[in-house]
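Step one of this worksheet: look at the structure below.
A note on names: the letters A, B, ... follow the listed sequences, proteins ahead of strands, and every chain is numbered from 1.
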Protein chains: 2
Amino acid sequence: MAKKRQARFTTEDLEGLPELEDESPMLWDESRGEVQRRLLTAAVRCFASNGFHATTTRDISGAVGLSPAALYVHFPSKEDVLFEIIRTAHARALAAVTDPALTGIEDPVRHLWALVARYTEWHARYHVAARVSQYELAGLSPEHYEQILETRHRTNVVFRSAVERGVTTGAFAEVDVKRVARAILSLGIDLVRWYRRDGSDSPEQLGEFTAQLALKMAMTPDLDLGPAPRPESTLAS
Amino acid sequence: MAKKRQARFTTEDLEGLPELEDESPMLWDESRGEVQRRLLTAAVRCFASNGFHATTTRDISGAVGLSPAALYVHFPSKEDVLFEIIRTAHARALAAVTDPALTGIEDPVRHLWALVARYTEWHARYHVAARVSQYELAGLSPEHYEQILETRHRTNVVFRSAVERGVTTGAFAEVDVKRVARAILSLGIDLVRWYRRDGSDSPEQLGEFTAQLALKMAMTPDLDLGPAPRPESTLAS
DNA sequence: TGTGACTTACTAAGCGCATAGTCACCTGGT
DNA sequence: ACCAGGTGACTATGCGCTTAGTAAGTCACA
């Protein structure tokens, strides 16, 4: 008695669910047709709420008022829909942090600040698509997966270089570059797990706040907690 | 021509794959039988590498040398296997940070340090099971999902309180408690996305490093970047 | 302007395979 | 003799994708 793959959210639920509200309709290239873009946007919402495998081709096509077969006019397979989403999102996020307006900033402090603010803001703005891009990688074919990994690596390098520059120029403390860069990326990415557009933080505010945290992590020297915290004994001789 | 749900990792691949190595075999209650625990451990690996919906009951049972039907001797459904994994992992992680040895620490600085170190270390140690717990929530029934949310909330409160105490006692800077607590949790959780047991960080090292970052975030006052960074103009009057 | 050839976007119907879960039966230890 | 734990064969159903066909648009050209 094979169960339906999912039930938590049905197609009609997806309309107007506040945690699925983001700007992903604006993500797709202009070169794509109207219908393709609407399919991609619908797929983002389905994949985000129920997962790739729990989403049927009927869910996606039905959400834009088409029959299941219509999907195959525009995309060769369901996996390709996922790939287009993930590829586009990764490319856009990378583009956001390689914008010349950012890379041109001389001061390492301002540079890292702007980098983190941008990256965080991007993820907040497109958090539903970004969530799919982070959580549904297992749905990709090995070839497509490999391609995405490459983009991720390039993104990592951007952050690592920014931290490195601050350390070598002395603008930052002498921190562990790789680890700090990793932590900064974590802050920028992990928000897709919980961010909601109807919460109290706007993408800009969250970006600025996270950028502050990144600077604190990069610029503050390590704290020494002092001698072992002996359980008892406050100041008795 | 319905395709097989997945292909990226077949069952035999899962043996000895280094990124799927963690301590989840130690997670399960002693009260559970040997076979149940082996099934849960196998399920963790399958779910982590291919996702809940892409994992078949044959994958799980086959991985411990049993027939598919044997799964139903020990668990009422595949969803229940997922729930047991997620429930146990969330409960253990909460237990780790409510350990009296931690909650008893008077000094807010040492307290937060220990809290973050413990939490991070836990996630690193059980990163495969933790990954399933974070990424496969969509596979749960609404009732089970609700139950997990409750545990998550309790965990959040632990961190928020720890940060709050430091701020009110003046041990920390006057930071935004909710946001900082959220960022700290992000650091502790997001590592499940990339952590590997065969990497360069041991769980303890990662815990200590993240704890340092948490203190920097909580104890450093906000930086003022000064006046607007006018594009040109260095020091020309 | 009319016509036939071709294209684009779509649908209805359904194939064929995969899968969660069931059930009657088996089996070894107490 | 019993029964917990396990099996092989099966069912019911879901789902990705295909196929055959429709309707409307475009274009070359007589």
Shortest non-hydrogen pair, B/Arg58 vs B/Pro68, comes out as CG-CG, 3.4 Å
In whole Å, I'd like the distance from the [atom1] atom of [X] to the [atom2] atom of [N].
{"X": "B/Arg32", "N": "D/dG5", "atom1": "CZ", "atom2": "C1'", "result": "17 Å"}
{"X": "A/Glu34", "N": "C/dC10", "atom1": "CD", "atom2": "P", "result": "10 Å"}
{"X": "A/Lys78", "N": "D/dC15", "atom1": "NZ", "atom2": "C1'", "result": "8 Å"}
{"X": "A/Leu66", "N": "D/dT22", "atom1": "CG", "atom2": "P", "result": "20 Å"}

Determine whether a donor-acceptor pair (one donor, one acceptor, N or O, separation below 3.5 Å) exists between the side chain of A/Arg58 and the base of C/dG14.
yes
DNA chain D contacts among residues 67-76 of chain A, heavy-atom distance under 4.0 Å
A/Ala69, A/Tyr72
Result of checking A/Val73, A/Leu40, A/Leu66 against A/Val35 for side-chain contact (heavy atoms from CB on, under 4.5 Å)
A/Leu66
B/Leu206, B/Thr120, B/Leu213, B/Val116 screened by side-chain contact (heavy atoms from CB on, under 4.5 Å) with B/Leu187, the one that passes
B/Leu213
Is the ring pair B/Phe83/B/His144 parallel, tilted or perpendicular, if the boundaries are 30 and 60 degrees?
parallel
Is it the case that B/Gln134 and B/Arg152 place a side-chain donor and acceptor less than 3.5 Å from each other?
yes
Looking at B/Thr57, does any N or O in its side chain come under 4.0 Å of the phosphate oxygens OP1/OP2 on C/dA20?
yes
Would you check if A/Glu21 and A/Pro18 make a side-chain contact, meaning some heavy-atom pair closer than 4.5 Å?
no
